[in-house]
2 protein chains.
Amino acid sequence: MTEKPRGRPRSYDPDTALWQALETFWGGSFTGTSLDALAAATGMNRPSLYAAFGDKKSLYLKSFDLVAGLMKAALRRTVEAEKPLEAALGDFYNEAIAIYRSGPDGARGCFILCTAPAEAATDSDIRAALVTTLKEIDGGLAMLFEKGKAAGDLSPAADTTARAQIAASVLHSLAIRARAGASKKELDALAQHTVQMLCRDM
Amino acid sequence: MTEKPRGRPRSYDPDTALWQALETFWGGSFTGTSLDALAAATGMNRPSLYAAFGDKKSLYLKSFDLVAGLMKAALRRTVEAEKPLEAALGDFYNEAIAIYRSGPDGARGCFILCTAPAEAATDSDIRAALVTTLKEIDGGLAMLFEKGKAAGDLSPAADTTARAQIAASVLHSLAIRARAGASKKELDALAQHTVQMLCRDM
DNA sequence: ATCATTTTTTGCGAAACGGTACAAAATGAC
DNA sequence: GTCATTTTGTACCGTTTCGCAAAAAATGAT
């Protein structure tokens with residue numbers, strides 16, 4: 001299938017290079033990460049990086065989209081899971097916490113929620129991407145609560161969009177708290193209490 | 001009291017200059033804001049700025065402390081208010097939303113919650129300041145719910161620290177959503193639903 | 001072996017950055 | 001008026017930044 005191209009072969013794999021760039025942005029910020037740092041992380045030199053991914057912002061947005069895709073996939077899995085509402089939301093939070101604490105020092109937070117807001121004030125492209133992701137989180141969780149309501153886990157009178165926005169808010173907070181260095185224990189407790197409050201009918 | 005100093009008088013007021021620097025950081029980020037921009041905003045030139053506030057990070061941290069002080073004062077007012085729990089938390093959110101949307105384009109978010117997380121990963125001083133503020137928010141709101149429980153607004157069995165952390169989480173989210181450009185209507189709705197969920201006994 | 005093609009590598013260049021040295025200006029003290 | 005003192009303004013330094021131009025290297029095609 002993938003017939004070999006004509007010229008000199010690449011010395012890097014675009015997918016892993018993008019992931020390494022993503023991790024570099026994740027461990028810092030957009031403005032705070034230099035092209036030299038990205039080149040060092042990917043093992044490429046600047047011109048190759050530029051040829052492969054465009055300028056710095058383009059590379060950031062490609063990283064952003066990669067993370068946004070993973071998040072959408074996680075939301076989809078959560079909604080489609082054959083589990084009670086409580087278990088589904090709890091598992092979603094657990095997965096998020098594991099990722100937010102996956103850094104070398106266990107304090108990375110969320111790539112999107114921790115690096116994009118700072119830039120959103122001055123960069124309308126990043127801001128637009130952030131808006132899209134926030135809506136996807138709200139929307140995905142709304143589907144989850146809607147499904148829970150249909151399954152009888154929630155009263156028919158429950159406001160599913162309101163609960164979804166609160167559930168999303170806690171996700172935002174988990175991201176910030178994790179980046180501030182909160183322990184897994186603290187984050188787990190917050191997630192568990194939130195699940196109890198939002199998934200048990202009142 | 002304030003006897004005049006000996007030399008050439010200052011051409012600026014330190015307090016207003018600090019506020020102007022704060023607003024400049026607020027409208028951008030720490031790494032993304034240049035000393036030239038700060039000098040232009042304050043009307044001072046770089047050497048004066050340096051003499052008055054130290055280097056860039058020191059100026060950022062002074063701005064941070066100023067905002068943290070205002071936030072603590074708001075929390076204190078909320079806890080000490082002679083109001084039912086629901087009204088007190090609702091007013092607190094309303095005040096926050098007004099500030100978060102006070103920018104020229106109505107999309108500033110929170111200085112601390114929107115600019116500090118990005119830097120927290122690489123700067124331990126900023127991270128420490130962020131940790132302190134997060135704890136102050138959690139702690140202040142915990143006192144509010146504790147007071148509500150004592151006043152009978154909440155069941156004696158209610159977990160006040162859990163509710164406080166969820167209330168704080170929604171504040172974090174309001175900050176992010178505001179910076180992403182959410183309307184006052186959206187933010188008000190989220191705040192109101194949160195108040196209803198957290199302040200009514202279940 | 002030679003050529004066309006693609007990538008890598010080296011190195012440049014213009015701009016922005018944070019920070020400071022130093023002289024000029026503006027005040028009070030005498 | 002003269003001096004000491006403090007702030008302002010100009011100008012500069014070394015570094016880092018992003019982005020690119022141009023040459024060198026590595027492959028397939030012929």
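A, B, ... follow the sequence lines: proteins, then strands. Residue 1 opens every chain. Quick note: numbers below take in every heavy atom, side chains included, and nothing from hydrogens, waters or symmetry partners.
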Checklist outcome for this item: Expected list for residues 17-45 of chain A near DNA chain C, using heavy atoms below 4.0 Å, is N45(A)
Checklist entry - OP1 or OP2 of dT8(C) less than 4.0 angstrom from a side-chain nitrogen or oxygen of S48(A), does that happen here? => result yes
Item to check | Electrostatic pair D188(B)-R101(B), nearest N-O below 4.0 angstrom | outcome: no
Checklist entry - Quick one: on DNA chain C, does S11(A) or K56(B) contact a more 5' nucleotide (nearest heavy atom)? => result S11(A)
Checklist entry - Mind checking what makes ring-ring contact (aromatic ring centres under 6.0 Å, His included) contact with F145(B), not counting sequence neighbours? => result none
Checklist entry - Does E119(B) have any side-chain hydrogen bond (donor to acceptor under 3.5 Å, both in side chains) partners at least two apart in sequence or in another chain, and if so, which? => result T31(B)
Checklist entry - What residues form a side-chain hydrogen bond (donor to acceptor under 3.5 Å, both in side chains) with K83(B), not counting sequence neighbours? => result D91(B)
Item to check | Nucleotide dT7(C), atom C1' - distance to CZ of R46(A) in whole Å | outcome: 17 Å
Checklist outcome for this item: In whole angstroms, the gap separating P of dT17(D) from CG of L49(A) amounts to 14 Å
Item to check | Residue mapping more 5' on DNA chain C - nearest nucleotide basis, R10(A) or K57(B) | outcome: R10(A)
Checklist entry - So, E86(B) and R200(B), do they make that salt bridge, N to O below 4.0 Å? => result yes
Next on the checklist: Strictly under 4.0 angstrom, non-hydrogen atoms only: write out the protein contact profile of nucleotides 22-30 of chain C, one letter per nucleotide from the 5' end, B, S or -.
Outcome noted: ---BBBBS-
Next on the checklist: Is there a side-chain contact between Y50(A) and the phosphate of dC20(D), meaning an N or O under 4.0 Å from OP1 or OP2?
Outcome noted: yes
Item to check | Cation over ring face, K57(A) and F30(A), 6.0 Å, 45° | outcome: no
Checklist entry - To the nearest angstrom, how far is L59(A) atom CG from dG19(D) atom P? => result 11 Å
Next on the checklist: Can you list everything that forms a ring-ring contact (aromatic ring centres under 6.0 Å, His included) with F25(B)? Sequence neighbours excluded, please.
Outcome noted: Y60(B)
Checklist entry - Checking side-chain contact (heavy atoms from CB on, under 4.5 Å) against E146(B), which of T160(B), L154(B), V79(B), L141(B) comes through? => result T160(B)
